[in-house]
Each structure stands twice: as structure tokens, then as C-alpha cells.
Amino acid sequence: MRRSRAFIPTSKEAPSDASLASHIFLARAGFISQSAAGLYNYMPLAKRVIKKIETIVNEEMSKVGAQEVELSFVTPAELWKKSGRIEKFGKELLRFKDRKDNMFVLGPTHEEMMVELIKNRVTSYKNLPLNLYQIKTKFRDEARPRFGLMRGREFIMKDGYSFHASTEDLDREFEEMEAAYKRILTRLGLDYRVVEADSGAIGGSGSKELMVIADSGEDTIAICSKCEYGANVEAAISGERKEVPEAPEAEFNKFSTPDVKSIEELAAFFKIDAYYTVKCVAKKLVYENESEIVLFFLRGCDNLQEVKAVNAAGALEIQDASEEELKALGLVPGFIGPLDQDKAKHVIDTSLKNAKNMVCGANELDYHYVGADLSVISDVAYFADISEVNAGDSCPKCDGELSFTKGIEVGHIFKLGTTYSEALKAEYLDENGKAQPFIMGTYGMGISRLVASVIEQHHDENGCIWTKETAPYMVNIMVSNIKDEAQMAAGEKLYKELQEKNVEVMLDDRKERFGFKMKDAELIGFPYTVIIGKELVNGNVQVYERFTTEKTAVNADEILSYVMDII
RNA sequence: CGGGGUGUAGCUCAGUAUGGUUAGAGUACCUGGUUUGGGACCAGGGGGCCGAAGGUUCGAGUCCUUUCACCCCGACCA
């Protein structure tokens with residue numbers, strides 16, 4: 001492509017609302033332009049990058065025997081009613097009516113459509129397993145789209161669905177897909193981590209997220225210093241505590257603790273480690289048709305993990321409980337304990353099972369119990385893992401330590417089970433001729449989000465730094481002064497030669513000065529720029545490598561083979 | 001969906017408290033000239049229903065009402 005003919009509107013100025021590097025540079029370098037909240041136009045450079053990523057995805061999917069299809073973007077609302085997701089998705093589903101007054105939705109994901117597609121077409125266990133996927137625009141009417149391509153309402157996603165006759169076969173497929181996804185991210189040149197994820201209300205037997213490591217990521221993940229263990233904080237668990245603080249010695253007793261309400265005050269009052277205190281976090285849990293106050297008890301040194309709390313309570317949503325609501329139930333905020341009290345549902349963290357020598361609220365103003373032994377309630381109370389891991393906790397898989405980092409969720413793979421096949425009555429006949437619902441897996445990967453992720457990980461103050469697998473053009477030939485006939489001729493020659501060798505090449509033949517064209521090349525982020533300039537009279541050109549920002553002098557006669565060698 | 005903010009040239013923004021020439025700057029764009037190794041310089045030029053609709057006024061970018069859009073914090077996010 002000749003730069004003089006290319007539609008690449010670069011700009012010195014970033015859009016005023018952009019804060020992320022990927023958003024700023026993709027906009028400045030002429031890749032994307034916003035059309036409305038969470039909606040973007042892809043310009044030629046972005047389109048090329050997207051195609052690169054899609055090609056890699058297609059290659060890796062084909063290796064594991066997944067077949068590409070394309071389902072209609074506009075989907076009948078009827079299907080969403082059948083699966084029950086029309087309510088669950090709520091306003092995120094963009095719905096509208098056609099001229100015949102039939103309701104449709106813009107597809108935010110395609111479980112229903114895919115199940116419908118194979119239903120009554122795949123009818124025998126002999127035809128399983130089956131893995132179908134598509135790469136397609138999705139639409140979710142997000143309440144607050146943000147961060148450029150990172151969280152748009154319209155985005156490109158690769159969504160795959162597999163169908164199996166046994167959970168063992170689903171497990172096998174799940175592992176294969178995880179491996180394929182890892183290969184994709186590795187080829188894209190991304191630093192990532194596969195982490196355990198919250199399975200959420202959907203249930204299923206497990207899900208994993210593929211997280212690209214970046215400070216700008218919206219998810220917090222806990223990773224082990226030694227082994228491969230990593231988990232979203234919503235699902236992270238810690239191993240056995242290595243060092244347990246010395247236990248306070250005290251007979252069970254009710255103790256006057258005037259005005260001592262917080263865990264800090266309590267630990268200081270008794271001069272004990274917060275590990276031996278019981279913290280009560282009161283929340284209001286919202287269910288489909290009702291809500292209730294639930295008391296979550298944890299060790300004083302731990303914090304409640306709200307997603308775990310929602311799961312433990314089987315609720316849809318969690319909200320803060322007000323003091324008034326607690327008092328209305330007869331509870332004493334600041335002094336709530338798990339013993340001799342059943343004014344609200346209790347959920348107790350597993351780390352408190354059979355805990356001894358504890359200090360906890362006595363459910364009476366200005367009183368705490370000391371020397372409490374929780375084993376008395378261990379047979380009757382409901383225990384669940386509801387605490388958030390702390391940085392420095394030990395790893396559940398090895399003797400390493402956990403630390404936090406931020407990640408961008410670029411993939412999510414899920415063992416779905418029979419949720420959708422049952423809801424939509426999609427069945428096959430097993431060896432015994434008995435109808436069985438398909439056992440399903442689902443595998444998502446955000447293509448447009450990957451474009452942004454590459455830049456989040458690969459940029460500097462001057463702009464984008466595309467990896468070789470993602471670059472819109474591999475080589476940029478920059479003719480320093482197009483009025484210099486020798487320079488221009490050398491540029492044209494190399495341009496032609498590289499094109500003949502199928503190298504994706506840009507020829508910057510614009511009537512601009514050296515500095516302007518260099519800044520532009522850096523902003524766009526071509527991996528290599530061949531500078532044909534003032535050194536040409538000495539028989540030399542230079543190769544500028546975007547990644548290292550180094551320039552190397554190369555004999556003009558050898559430039560073709562040099563370039564072919566490094567790319 | 002709660003709270004806050006912003007809409008003026010392609011882009012980044014002044015101007016709005018206190019209404020008053022023909023609405024500005026930088027950048028980008030067009031012409032000519034100079035320049036040619038890190039976003040050049042000089043001269044000339046084109047480009048605006050001041051988000052939209054009503055209203056107040058002799059007069060509205062500026063005041064009032066309504067509305068729309070976009071952004072930020074939070075809630076939400078298979």
C-alpha cells in the first residue's frame with residue numbers, strides 16, 4: 001500500500017475521553033473511530049489486525065477439529081424466552097420488532113441459536129462429539145461501555161460450543177480448548193494466565209478465564225509465585241496457613257467491652273491478633289422474589305468476598321444492610337456474634353470451623369465473649385468459603401505465595417452441562433436408544449478486546465508496538481525526501497520486491513519531512529521501518545526496529561535479503 | 001440504574017459569572033514559496049444553524065424551560 005493513497009487518519013491529539021493506552025493510540029493512529037457510546041468504526045488498519053487475529057483463531061480451531069459456522073445476528077426472541085434468558089439478560093438484550101410485529105434480539109451470545117441449529121440434526125451418540133464456532137459481532141447493551149474496544153456494546157467475539165455424550169468427553173474437550181486458547185494467545189505474543197473463575201449462578205462443573213496481564217485490566221486475579229495456580233479473586237482460595245499466631249488463653253466468659261465495635265479496636269482492646277476475632281458482615285441478599293438479611297462470619301483478619309457470598313447464599317444479588325434493618329431484627333451492630341443467636345441466616349467461613357480461643361460479639365450492647373469455642377456449632381451451622389484471599393496467603397496447590405495482579409479477560413471457557421439442551425429440549429439417542437440431553441461446553445474469546453489487549457501490553461509513549469503476528473503491515477518503507485530521485489527509486493524498488501515476496505508492506509511516499517514520517521510510523525507501530533534517506537549516497541539505508549527502537553545501517557544492495565531475514 | 005460533568009471549526013479547547021461589532025486560538029486542510037534526519041517556516045485561503053427545540057429580549061454562544069448526546073464515579077457485566 002502506498003501511504004499517499006491509504007486511509008489512515010492519524011492525529012497528534014487524542015480524543016478527550018480516552019484514558020487507556022490502547023484507546024488513545026488506536027484512535028490517534030487511525031485504527032478506530034467512535035460512532036456512539038460503545039460503538040466503533042474499524043478503519044483499514046484495524047480491519048487488517050482483526051483479520052490477522054481471526055486467521056490465527058481459525059487455524060488453531062481447525063487443528064482441534066472445531067468447525068466454523070455463522071449464525072444470524074438477529075435472533076428470534078422466542079428462543080430467549082424458552083431458555084429463560086430474556087429476563088436474566090434484562091436490558092443488555094437489545095430487542096426490537098420487525099414489520100410483522102415479531103420480537104427479535106441482537107445476539108449477545110449464541111447458546112440458544114447453536115442448540116437450535118443442531119437440534120434434530122444431530123440425533124445420535126455416533127455423531128458426537130461436535131464442536132462448532134463462529135467469529136461474529138455481538139451486541140450487549142451495556143449500562144456503561146468504556147475504555148475503547150475493551151468494553152464496547154458492539155464487539156467481535158469468537159464463540160464456540162461443543163456437544164458431548166458424556167462428562168468425561170466434555171472434560172477432554174475442555175482441556176483441548178484450553179490448550180488451543182493458550183496457543184492462540186502465545187502466538188499473538190501476549191503475556192497471559194489461565195485462572196479459575198467463578199461459575200456463578202449458571203452452575204456447571206467449572207470455568208476458566210484467560211487473562212492477559214495488564215495494569216489496566218478490570219479483573220483482579222491471585223497468582224502463585226511458584227506454580228501455575230491462578231484464580232480470579234471471585235473464586236480464589238488459599239492454602240493452609242503456614243504460621244498461626246499464638247492463641248490467647250482465656251476461659252469462656254462474657255466480657256465488658258464498652259464502645260469496642262471494630263475489629264481493630266477489638267484486637268487492640270484484648271491485645272490479640274485479629275485472627276482470633278470473629279467478624280460479622282451483614283448483607284442484604286436479593287433472591288428472585290424476596291430478600292433477606294444474612295450474617296456472614298469470618299476471621300477478623302479476612303474480608304468477605306461478595307461473589308462467593310452470593311453463591312453461598314444462592315442469591316442473585318448482594319447489597320449492604322443498613323443499621324436500621326439490623327436493629328429491626330433485634331441485632332446489635334458492632335456486637336453481633338454467631339453464638340446463641342438465630343435472628344438471621346448465618347453463613348460461616350470454613351476457616352472458623354472448630355475454631356477455638358475466639359473473641360466474638362455477645363449479641364448484647366458493649367459485650368463480647370472471650371475464649372469462645374466454635375466447635376459447638378460446627379455440626380449445625382452452615383459453613384462455606386466466603387473469604388477473599390489476601391496477598392501473601394499460601395497457594396492451595398503448592399508451598400508458594402499468592403499475590404495480586406490485574407488482568408483483561410480475553411477468554412472464558414465453560415463446562416455448561418445440560419442447562420441449555422434441557423431448556424430447549426435438544427436430545428440425542430444413546431447406545432440404548434434412550435433420549436439424552438446434550439452435554440455442552442462453551443468457549444468464548446473476545447477478538448476486538450484482543451486487539452486492545454495487544455496494545456495494552458505493547459506500547460510506549462510514542463504509540464503502538466504491534467507484534468509480528470498482529471501487525472497490520474510488517475514493513476514500512478520510509479523515503480525521507482521524495483524529491484530525491486535516487487531515494488524514491490530505491491524505495492519503489494524495495495516496495496516492489498517485498499510485494500513480490502508477499503510481505504505486507506507500506507511505502508511512505510508522502511511529501512513530508514523526516515521527523516513527521518518517523519513519528520507517524522512509530523504511532524502506527526510497524527514492526528520495521530526501512531529508512532531510505534541521506535545515507536543512501538554512501539550506499540546505506542537503515543532499518544528501524546519498533547520494538548527496540550534501534551536503527552541499524554544496512555548496505556542498500558543487501559536490504560531485501562536483510563529484511564526477509566528478520567521478519 | 002443512582003451521583004457528577006461536558007456539548008462552540010475535522011481534532012484539542014478559549015469565550016458563557018455581568019447578553020451588545022462580522023464568534024476566536026492552536027492544530028489539521030487548500031494555494032504559493034522557502035526548507036528536507038525527529039510532528040519545519042513565511043504569506044494567503046476555505047471551513048461554524050455555538051447539540052436540538054421552545055421561550056425571555058430591541059438584541060442570545062451567553063439568561064430561562066424542555067430534550068438529546070457523550071464522558072466520569074458507582075451498581076451491573078454469559
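These numbers were taken from a predicted model, which means no experiment stands behind them. Each chain gets a letter, A, B and so on, in the order the sequences are listed, and its residues count up from 1.
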Backbone N or O of A:Asp302 within a donor-acceptor pair of the A:Lys279 side chain at under 3.5 Å?
yes

B:rU21 to B:rU34 separation - P atoms, rounded to the nearest Å
42 Å

Do the side-chain N or O atoms of A:Arg144 get closer than 4.0 angstrom to the phosphate oxygens (OP1, OP2) of B:rC77?
no

Is there a side-chain polar atom (N or O) of A:Ser16 under 4.0 Å from OP1 or OP2 of B:rC13?
yes

Nearest-Å distance, CZ (A:Arg151) to C1' (B:rC73)?
15 Å

Over how many whole Å does the gap from A:Asp17 atom CG to B:rU6 atom C1' extend?
11 Å

Taking the C1' atom of each, how far is B:rC70 from B:rG51, in whole Å?
10 Å

Give A:Ala37 one of three labels, base, sugar-phosphate or nothing, depending on what nucleic acid heavy atoms sit under 4.0 Å from its own.
sugar-phosphate

Euclidean distance, atom NE2 of residue A:His23 to atom C1' of B:rC70 [Å, nearest integer]
12 Å

Nearest-Å distance for atom pair CZ/C1', residues A:Phe147 and B:rC70
16 Å

Heavy atoms under 4.0 Å, any strand shown: does A:Glu111 hit a base, just sugar-phosphate, or nothing?
nothing

With salt bridge (Lys or Arg N to Asp or Glu O under 4.0 Å) as the test, pick out the partner of A:Glu112 among A:Lys119, A:Lys82, A:Arg85.
A:Arg85

Quick note, A:Arg146 side chain, CB onward, closest among B:rC1, B:rC13, B:rG74 is B:rG74

A:Tyr495 versus A:Val475: any side-chain heavy-atom pair under 4.5 Å?
no

Is the charged tip of A:Lys415 near the ring of A:Phe174: under 6.0 Å from the six-membered ring centre and within 45° of its axis?
yes

Base, sugar-phosphate alone, or nothing: which one does A:Pro9 contact when heavy atoms must sit under 4.0 Å apart?
nothing

Under 3.5 Å for both donor-acceptor distances, Watson-Crick or wobble: does B:rA75 have a partner, and if so which one?
none

In a check of ring pair (Phe, Tyr, Trp, His ring centres under 6.0 Å) between A:Trp466 and each of A:Phe31, A:Tyr528, A:Phe25, which one passes?
A:Phe31

Partner of B:rG39 by Watson-Crick or G-U wobble geometry, both contacts under 3.5 Å, or none?
none

Whole-angstrom distance between B:rA17 and B:rU62, as gauged at atom P:
10 Å

Rounded distance in Å between the P positions of B:rG15 and B:rA53
25 Å

Specify the separation, in whole Å, of atom CD of A:Gln34 and atom C1' of B:rC70.
8 Å

Which part of the nucleic acid, if any, lies within contact of A:Met478, taking any heavy atom under 4.0 Å across all strands shown: a base, the sugar-phosphate backbone alone, or nothing?
nothing

Determine, stepwise, if the pair A:Glu142 / A:Arg151 fulfils salt bridge (charged side-chain N to carboxylate O under 4.0 Å, His left out).
CA-CA 8 Å; A:Glu142 292 258 4; A:Arg151 180 171 289 282; 3.0 Å; yes

Got a sec, which residues hit side-chain hydrogen bond (donor to acceptor under 3.5 Å, both in side chains) with A:Asp508, two or more places apart in sequence or on another chain?
A:Arg510

To the nearest angstrom, how far is A:Glu142 atom CD from B:rC70 atom P?
14 Å

Looking only at atom C1', what distance separates B:rG48 and B:rU22, rounded to whole Å?
13 Å

Say we look at B:rC49 and B:rG32: how far apart would their P atoms be, to the nearest angstrom?
29 Å

note: A:Glu87, atom CD; B:rC76, atom C1'; distance rounded to Å ~ 17 Å

Which whole number of Å gives the distance between the C1' atom of B:rA52 and that of B:rG33?
45 Å

Do A:Glu116 and A:Met114 have side-chain heavy atoms sitting under 4.5 Å apart?
no

For nucleotides 35-42 of chain B, 5' to 3', base contacts (B), sugar-phosphate-only contacts (S) and non-contacts (-) with protein non-hydrogen atoms under 4.0 Å give BBBBBB--

How long is the line joining CD of A:Glu13 and P of B:rA9, in whole Å?
14 Å

